[in-house]
Amino acid sequence: METNTARKINAGIEEEAEVSIKISNLNVFFGVNHILKDLSLDFQKNKVNCIIGPSGSGKSTLLRSINRINDGTEKLKVTGAVHFNEKDILNGVTNLTQLRKDIGMVFQSPCVFPKSILENVIFGIQQHKKLTVSEKQDITEETLKAVSLWPEVMDRLKDSGQSLSIGQQQRLCIARTLATAPKVLLMDEPTSSLDPVTTRVIENLMERLKKRYTIVLVTHNIAQAKRISDQVFFMCNGQLIESGTNDMFFNTPKKEQTKSYLKDETCVCR
Amino acid sequence: MLVFQNKIGKGYVLASTYLCIAVTLLIFLILFWNSYPALSTVGFDLFTMTWNPAKDQFGVLSMLFGTLAVTAIALLIAVPLGILTAIFTSEILPNRYRLYVKSAIELLAGIPSIIYGLIGIALVSPWIATLFELSSGRTLVTAGILLAVMILPTIITLTDDALHNIPQQYRETSKGLGLYPFEIIQKTLVPIAKRNIAGAVLLALGRALGETMAVMLLVGSIDKIPEPFYNLLSPGQTITSKLGREVGESAFGSLHFSALNAIGFLLLLLVITLTIGTQVYMRKGIRTV
């Protein structure tokens, strides 16, 4: 990436925005299937960048290409470029461990290890550096406070993480990711297994977290995208159909496919 | 009708459970009943070195030592080898080859123990004799090595299943946190599967303790503790090999027969103690998670 600040043209309106991740001509093939088709887009720093689209449109594949978590999958071929920290992380030498530390990921359903709450929080970070007992306590407290879980678990940090409710488990997973001090948070439908109240808690959390992190959120929930996104990217059949700011995207969509999808969630681009 | 079917189903399940418990208790009772004459006559002399039925001397220490030594050797070889092989088949080997390799390993479990014994006599025993310049290759180590080969399929298959059945999301989450593939195995998968791996080792231990035929052919069958005791390249005797050799020779109802039942009872107690001990240890481990 030539510069972190790029002149962006989204939905026809120019604006200055600091780019965190720049994707250029990204193609992903799985065997003979062309999953992502020549995608070029920028994710902006300290914003909630929301990718929406119907099932099978390639949202998760795009997300998983950013931290290269699909690497090693048989028959998978990726071309193009993904720039992060002024470096093309797809081509050339990339330290994948450092990359995944910098670009943290939260998955669809919470995956809590059969360990204590404290051990879960520090699980990732302690693989990267040796921690003293007080550092472990500090990191745990800080990250659990960041996800608003601290008041609920401060007296039982040694209890199993799996004893928490699903909503608490998802926040614990976010805390575990934050503990590795990432710059970007990739969130793959993090509220799809949660009830509406807990979903709102996670959404509020994202609103607060974006002040410190760049968030890339995949969701098939249009209402959620409307509530919390700053930038929206609409994907269908592996292609980027339209993107723009929240206001522009939802109020004045340009493409027919977008209008159709926003109206009744049908995708006519196939 | 449904209520009636439910009652039949419930009754069937309960009856099966009670039957299993009854059979276990019956084994205990019969063994204890048959052991009682020897236990009451010999008493604590059971825990001595000399076994001489002609003089009513039934010391089992050498057999107990042999059993524990052979089992320990087998576990020392088979547990690390088995777990590492299972890690390879489950986590490293591509799925399309995994099934073939696993089937081949499972085939090993079906080979009768007498065949292992014959292979041991033809191959392992002469090899040990040549390697360590011994007059006979029938030693505690030889029996332990062969026993290790016999219990390997149990450890590999069950550990492979335990690892393979861990949901993919644990691997992805660990990968997402920046763990290297080896760290994912070491720090995520093995700790999650540890209870099932312990179960695999426990089953293998049960087989190792109870194996008769192959051990009988290779252990040397001499009722003594090696001198020094750690010289395991000496012939010895295990409880099962003793039972295998002498049960046919003893008269039913004799003190000799009763003593053989007593060592069988001792073996059963040993297996049960180890099983319960391991389960308690594992539960304790889980509680402290």
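Source: prediction; values computed, not measured. Scope of the values below: all heavy atoms of this structure, side chains included, with no hydrogens, waters or symmetry mates.
Neither the backbone nor the side chain of A:Q108 comes within contact range of chain B; no heavy atom of the residue lies under 4.5 Å from a heavy atom of that chain. If you measure heavy-atom distances from A:I69 to chain B, the contacts under 4.5 Å come from both the backbone and the side chain. Heavy atoms closer than 4.5 Å to chain B are found nowhere in A:Q98, neither backbone nor side chain. Within the 4.5 angstrom heavy-atom criterion, only side-chain atoms of A:N95, from C-beta onward, approach chain B. Residue A:V106 does not touch chain B at all, counting heavy-atom pairs closer than 4.5 Å.
A:R212 CZ: 12 or fewer foreign heavy atoms inside a 6.0 Å radius.
Of the listed residues (A:M105, A:R100, A:R68), just one forms a side chain to side chain contact (heavy atoms under 4.5 Å, CB included) with B:K175, and that residue is A:R100.
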Problem set entry | A:F107 and B:Q169: CA distance, side-chain angles, deciding distance, side chain to side chain contact (heavy atoms under 4.5 Å, CB included) verdict | CA-CA 8 Å; A:F107 294 87; B:Q169 60 173 353; 5.8 Å; no
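Using a 4.5 Å heavy-atom cut-off against chain A, the contacting residues of residues 182-189 of chain B are B:E183, B:K187, B:T188. Within residues 176-186 of chain A, the residues having any heavy atom closer than 4.5 Å to a heavy atom of chain B are A:R176, A:T177, A:T180, listed by residue number.
In this structure the side chain of B:P191 never reaches within 4.5 angstrom of the side chain of A:F113, judged on heavy atoms.
Partners of B:L99 according to the side chain to side chain contact (heavy atoms under 4.5 Å, CB included) rule, which considers only residues two or more places apart in sequence or in another chain, do not exist here.
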Show me the donor-acceptor pairs within less than 3.5 Å that the side chains of residues 81-95 of chain B make with the rest of the protein, sequence neighbours left out.
residue	atom	partner	partner atom	Å
B:T85	OG1	B:L81	O	2.6
B:T89	OG1	B:T85	O	3.3
B:T89	OG1	B:A86	O	3.0
B:T89	OG1	B:D160	OD2	2.6
B:S90	OG	B:H164	N	3.4
B:E91	OE1	B:R171	NE	2.9
B:E91	OE2	B:R171	NH2	2.9

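Checking side-chain atoms of A:H128 against main-chain N and O of B:L177 turns up a donor-acceptor pair under 3.5 Å.
Atoms CG and CG, from A:L96 and B:L179 in turn, are 13.0 Å apart once rounded to the nearest 0.5 Å.
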